[in-house]
Enquirer: 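My structure is below; once you've seen it, I'll send some questions.
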There are 2 protein chains.
Amino acid sequence: MGSSPTMNDVAREAGVALRTVSRYVNGATNIDSELAERIRVAINSLGYRRNLAAASIRPGWDSKVLGLIIGDLSNPYYTALTRAIEHEASERGYLLITASSEEDGTRHDKLVDRLAEQRVDGLIIVPPHRPARGWADVAGTLPPIVFLDRPVSGVQADSVLSDDIGGAREAVQALITSGSRSVAFVGDSLSIYTLEQRMLGYENALHDTGHMVRAELVCTDAHTEAQAREAVARLMADTDTDAIFGANNRATIGALWAFRDAGQRLPLIGFDDFDLAQLMQPEVSVVSQDVEQMGTLAASLLIDRLNGTGSAQRDYVLPTTLHLRGSEQRVN
Amino acid sequence: MGSSPTMNDVAREAGVALRTVSRYVNGATNIDSELAERIRVAINSLGYRRNLAAASIRPGWDSKVLGLIIGDLSNPYYTALTRAIEHEASERGYLLITASSEEDGTRHDKLVDRLAEQRVDGLIIVPPHRPARGWADVAGTLPPIVFLDRPVSGVQADSVLSDDIGGAREAVQALITSGSRSVAFVGDSLSIYTLEQRMLGYENALHDTGHMVRAELVCTDAHTEAQAREAVARLMADTDTDAIFGANNRATIGALWAFRDAGQRLPLIGFDDFDLAQLMQPEVSVVSQDVEQMGTLAASLLIDRLNGTGSAQRDYVLPTTLHLRGSEQRVN
DNA sequence: CTGAAAGCGCTTACAG
DNA sequence: CTGAAAGCGCTTACAG
């Protein structure tokens, strides 16, 4: 390292008072031009850089750093969210610390603590589905929070969500409209808020169209792509499943694998778009979330609140969009 | 906000000296157990959290925050890199600030400045291919750096690279071995280090097998997937191209699109693996970089250096792996 | 417009 | 083992 030059060093070098350097560095306009020049030269020759970390400990100054806790960067859904958040934050002068909880409650809590201790100005959080401790215990000690993807009750915070119920219902209805009668639900644990909601949408669609929810067509333990692949294989072999609703990305991709394994496909609609969906044969139909808007909105709500221009706290539920591309159709 | 409680508040509440609280918080073992208990109670009742930002301005203390500047989080290659870096950093107690330069030199320089002013302990940087200013101008004012994906000359820093030349050569040789004679190069600008290297590998492979480099088979202005798609379409229409080397992800996907548009495919090998490569028909052959190891190594080198356990500065060039999955074969 | 001084929340020799 | 004091790099009333 070799300790870097301080504002004090610059003041000495330029032969002015510390305060004058501070004003110069902070962009004050009314500075004697000769002094300003001496300061400029001193800064350059010393290679001085202001220390924002030090500046931010002063009362009323904030760090202009936001924290983001997501599940896992390997999930393209979270990646897209992160990108939008980072973009909006950067646009508005904030840096972003990104951390992955890996859906582990304890790890998540540690990250929250660390970020709070780091004195980030605000937090955007995708809460883990099995929290290790209650939010109420720590809420008072945390900076402003916006929850993303999943809401948290009992905490003062905005939430930005998608219409999981509506999206799932629409997808399942589309499958039924295309002629399927035994639509299977393939997804992860219902203890995950979004999956629970999508299950509700699935049930709604069945009820609306006069169908029963049949337990043997419901798989809620496909945590990975590989498990979804197996689950779909089993559904195809053991039941009269005639269409698949992939309740998340991994489920959908798993189904595509199972189709390839079986050498035959079933009508399919997935929740969440993915990169090459349109390059598949047939193109994969999906319900897509407006991920970019979700991220932008979350960052923007948080920053508005930090600036005191936020409105009353509420949940924002963004609509989803059904993209019918072909894979929903029956095979004959 | 409402200013949060400080160590001073805790000391007063517990009826001990500030220093004792500091020692408690920093995990000193030898503290009178009765005092420790009083401090514990005071911390809980006040909802005190240590202020790491304040602590880190003291001499010899560092922030335990690293900065990462990449091109763009929408590129899965950078995402994978980021994930590995974040994982290693987290594993070793560091937080990670991630920022996107969007390949813009000026924006990149601003991020470097901001991160330096934020006093991150170290920086991992994918340098933009057209830097707006020279590294020499600022090198002295920056924390330790590890360059990733592309090297930078004239700066004291480690670099973590892939064997772009070797990987490209191997890919092109494989296409030739499969019977292709007019292998086209489709990629982005050669002012990007990795693309320049891959072009070298392409040329090497041609020379090694007694072929000439033919200008009409070389496309180096496919900056986007869409442009690559058009470029491949043109190659198929206007030249005798009988195989495509996709010099990056976007080029490869663009080629797949062009194949679908044309209703026929050419032998293809791409540089960089992608998520659904094996779900395509035929499965897409690629040269893959060991992205996870690159990220882990970069973070690990940086942290070792911060801890004073780093070795002499050098470039690390990681080998690539050719995955032949079928798409390299000729169509008949 | 500029200087000398106080203070942000914290850690660390220095005495006891 | 613990207390009162100095100081990290910075900003900001307070005087001039």
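Chain letters run A, B, ... following the sequence lines, proteins first, then strands; residues in each count from 1.
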Enquirer: For B/Gly15 and A/Arg49, find the nucleotide of DNA chain D closest to each by heavy atoms; which residue's nucleotide sits nearer the 5' end?
Expert: B/Gly15
Enquirer: From CZ of B/Arg38 over to C1' of D/dT2, roughly how many Å is that when rounded to an integer?
Expert: 12 Å
Enquirer: Check whether NZ of the Lys or CZ of the Arg B/Arg150 lies under 6.0 Å from the centre of the six-membered ring of B/Phe147 and within 45 degrees of that ring's axis.
Expert: no
Enquirer: Please give, in whole Å, the distance from C/dC8 P to A/Asp62 CG?
Expert: 18 Å
Enquirer: With A/Arg50 as the cation and A/Tyr48 as the aromatic partner, state whether NZ or CZ is under 6.0 Å from the six-membered ring centre and within 45° of the axis.
Expert: no
Enquirer: Picking from D/dC10, D/dG3, C/dG9, which would you name as closest to the side chain of A/Ile57?
Expert: C/dG9
Enquirer: Can you tell me which nucleotide in D/dC10, D/dT12, C/dT11 comes closest to the side chain of A/Trp61?
Expert: D/dT12
Enquirer: What does B/Arg23 touch in the nucleic acid at a heavy-atom separation under 4.0 angstrom: a base, only the sugar-phosphate, or nothing?
Expert: base
Enquirer: Let's test this: given Watson-Crick or G-U wobble pairing with both distances under 3.5 Å, identify the partner of C/dA13.
Expert: none
Enquirer: Return yes when atom CZ of B/Arg133 has more than 12 non-hydrogen atoms of other residues, nucleotides or ligands closer than 6.0 Å, and no otherwise.
Expert: yes
Enquirer: With respect to the side chain of B/Arg50, which nucleotide from D/dG3, C/dT11, D/dT2 is positioned closest?
Expert: C/dT11
Enquirer: Going by purine N1 to pyrimidine N3 plus the second Watson-Crick contact, or the G-U wobble pair, all under 3.5 Å, which nucleotide sits opposite D/dA4?
Expert: none
Enquirer: From the options D/dC1, D/dG3, D/dC10, select the nucleotide whose nearest atom is closest to the side chain of A/Leu18.
Expert: D/dC10
Enquirer: Of the nucleotides D/dC8, D/dT2, D/dC10, which has the atom closest to the B/Pro59 side chain?
Expert: D/dC8
Enquirer: Taking atom C1' of D/dA4 as reference, at what distance in whole Å does atom CZ of B/Arg12 sit?
Expert: 16 Å
Enquirer: Is the shortest distance from a Lys or Arg side-chain nitrogen in A/Arg49 or B/Asp113 to a carboxylate oxygen in the other one below 4.0 Å?
Expert: yes
Enquirer: Remember a base hit wins even if backbone is also touched, and classify B/Ile31 as base, sugar-phosphate or nothing at under 4.0 Å, heavy atoms.
Expert: sugar-phosphate
Enquirer: Base, sugar-phosphate alone, or nothing: which one does A/Tyr24 contact when heavy atoms must sit under 4.0 Å apart?
Expert: nothing
Enquirer: Output the single nucleotide from D/dG9, C/dG9, C/dT2 whose closest atom is nearest the side chain of A/Asn51.
Expert: D/dG9
Enquirer: Check this for me: does any side-chain nitrogen of one of B/Asp121 and B/Lys64 sit under 4.0 Å from a carboxylate oxygen of the other?
Expert: no
Enquirer: Find the distance A/Arg19:CZ to C/dG7:C1' and express it as a whole number of Å.
Expert: 15 Å
Enquirer: So, is A/Ser56 near the phosphate of D/dC10, with a side-chain N or O under 4.0 Å from OP1 or OP2?
Expert: no
Enquirer: Starting at CZ of A/Arg58 and ending at C1' of D/dG9, how long is that distance when rounded to a whole Å?
Expert: 10 Å
Enquirer: Provide, to the nearest angstrom, the distance between the CD atom belonging to B/Glu117 and the P atom belonging to D/dG9.
Expert: 16 Å
Enquirer: Among C/dG3, D/dT2, C/dC10, which is the nearest nucleotide to the side chain of B/Tyr48?
Expert: C/dC10
Enquirer: Could you work out which one of C/dG3, C/dT11, D/dG9 sits closest to the side chain of B/Asn26?
Expert: C/dT11
Enquirer: Rounding to an integer number of Å, can you tell me how far B/Glu34 CD sits from D/dC1 P?
Expert: 16 Å
Enquirer: Starting from P on D/dT11, measure out to CG on A/Leu52 and report it in whole angstrom.
Expert: 8 Å
Enquirer: Would you indicate, yes or no, if C/dT11 has its OP1 or OP2 atom less than 4.0 angstrom from a side-chain nitrogen or oxygen of B/Ser22?
Expert: yes
Enquirer: Do the charged groups of B/Asp304 and B/Arg92 touch, with an N to O distance under 4.0 Å?
Expert: yes
